[in-house]
Each structure stands twice: as C-alpha cells, then as structure tokens.
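Start at 1 with the first residue, then count along the sequence. First listed ligand is number 1; within each ligand, the first listed atom is number 1.
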Amino acid sequence: MGATSGATTEPGVSRAGLASGAGTAPPRLVAAGAELAYERRTVAESVDVEVRDGSFTVIVGPNGCGKSTLLRAFARLLKPRSGSILLDGRELGSIPAKEAARTVGLLPQSSTAPDGITVSELVARGRYPHQGLFRQWSARDREAVDAALREADLTELADAPVDELSGGQQQRVWVAMALAQQTPVLLLDEPTTFLDIAHQYDLLDLFARLHRQGTTIVAVLHDLNQAARYATDLVVMRDGDVVATGAPADVLTEELVADVFELPCLVVPDPVTGSPMVVPRRR
Ligand code: ADP
C-alpha cells in the first residue's frame, strides 16, 4: 500500500509501513475521498486507500467498521455518495457492469444458491461476464469451470445439488464460482467462514498461489494471524476510517491491536513464518 494517500491517523495508531513494500506499478483499485453510505447510514465519510497491482491486500478491523462496505464499493455494488472509486484509473461506476466483472471478481460474505442447482451449474455462472450476444458457451468456459472445480477440490461433487452440501462445501462452491470468472483482481469477503481449520489454510494457500501467478487479491479476514501470514499489504479500519496501512510487520503492533481491537496482547514472531503473531494476554 505504498502510496496510500490521506489515510487518517488517530492517536496511538501507527502509520508505520506506508512506504514499505511499495512498488512502482500503478494501483488497480483506489478509493479517493470516498463517502460510503447506505440509505439511512453513512459508514465512511472519506476513505482513502490504494490497492497495489499484484498485492495480497488484507482488510482487518472490528465488526461493523466498514470492511464489507469498502469491498462492495470496489466490486461496483455500492456507488460512493461522493469521492471516487477507481479501477485502473477509471471511475468504476462509469465502466459497464459486465466489463468491470471481467476484471474484478467478488466472493461475497453470504449468498443463497438457486433451488436445486448443481455445483457445476453454479460454478458455470462465474463465466457469465465472458459471454456476449454472439459468444456463447465455449470450450474455454468449460476449461475454466473444470479448473475452478479442481482448485476448490469439488470435482467429485460437480453433479451434486448445492443445497445438499455442508456449509463448508457450499463455501468452496462460491469460491469456485469466483475462480471460474478468471479475473485479474479478486475480492474476498471472509472467504474462510464455515471452514474447518485445515480447509481454511487450504483456501488461503490457494489464494496465495493465485497471487503468485499475478492475481491481485483483496480479502477481508478476521483472523489477524492469518492476515499477517498471507498479506503483502494490511489495511486496518476502524469506524469507517483507514487507520493504518502497510506491510504486516510494520503495522501489526501491540499498540495497534490494543487500540483498534481493544485487545491487550503480545505480538511475537510466528514460529513458522516469522510474520507477526498476536497472542492475547489474560484479561
Ligand atoms: P464490517 O464488514 O466491517 O463488519 P460492514 O461494512 O458490513 O462492516 O458494515 C458497516 C456498517 O454498515 C454496520 O454498522 C452495518 O450495520 C451497516 N450496514 C451494512 N450493510 C448495510 C445495509 N445494507 N443497509 C444499512 N446499513 C448497513
């Protein structure tokens, strides 16, 4: 998050790391003075944040601070009331929905599958942005769906009705649908919800693999230690504001966790990866 502009800094919250991990590539997604609001509730008055091309950006913050709302704005589902949301320098709202959906894919926090739909039928819906008036279902679409099913470990469940699967399996179907979209930018809203711990890491490793292959990832995660392990760039939010951005090692301090999450803790090196690991103190 090298060039994040105007992130608000509050007392006790570090701006450390703004310069770390900075690349020269232009950002893919930018919120510039974006006011994000629902009909009767303003969530963020002025958000400034940049998602570096090729980054694995993880958004963290207490419940209700506006993480999903920011992700929805980046997914073109919520228009800023004022300010800008830019995709590759263009105002996102001015880009036709289908065109935007070929660049930015979203795994929403919760979705309901149509009754009776099978796994492969639902995953195939991820190909919709690639279909046009004249270009219907193709071998490339089939390959994208097969690959997504493989990556999400669902090949054997391809013909199963989605509503007969467990919560964790259903979550992997939605992941596969997002993968089938084959977008260079992938937004993930709490992708590990409903998954047991091994499947959580399977999925995070899958996203890390996509990231190594060039996909820009923006994920909302609750687990700070997972965030610190996988993020190249951490965005910390509180009450609709971005209060810190940068590399996890620079941002995730005992002071920040105490301040933003009201959790007294130690931050020690993760014995496996060396990334910062939050260990709560007794309260
Ligand atoms: P987070 O993802 O950080 O938990 P959200 O972005 O989901 O937070 O929500 C931010 C605030 O906006 C919360 O107070 C929530 O209740 C409110 N909110 C979320 N969705 C809506 C909506 N569709 N209409 C009105 N308020 C909403």
Do any N or O atoms from the side chain of D141 and from the backbone of S138 form a donor-acceptor pair under 3.5 angstrom?
-> yes

Rest of the hydrophobic cluster containing V30 (Ile/Leu/Val/Met/Phe/Trp/Tyr, side-chain heavy atoms under 4.5 Å)?
-> L86

Show which residues join V279 in its hydrophobic cluster (side-chain heavy-atom contacts under 4.5 Å, direct or indirect), or state none.
->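 Answer for V279: L266, V268, M277.
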
For ligand 1, what are the residues with a heavy-atom contact below 4.0 Å?
->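 Under the 4.0 Å cut-off, ligand 1 touches Y38, R41, V43, P62, N63, G64, C65, G66, K67, S68, T69.
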
Using ring-ring contact (aromatic ring centres under 6.0 Å, His included) as the criterion, list what pairs up with F74, not counting sequence neighbours.
-> none

Please work out whether the ring planes of Y230 and F56 are parallel, tilted or perpendicular, with thresholds of 30° and 60°.
->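 Because their plane-to-plane angle lies in the 30° to 60° range, the rings of Y230 and F56 count as tilted.
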
So among L187, V49, L106, which one has a side chain to side chain contact (heavy atoms under 4.5 Å, CB included) with V218?
-> L187

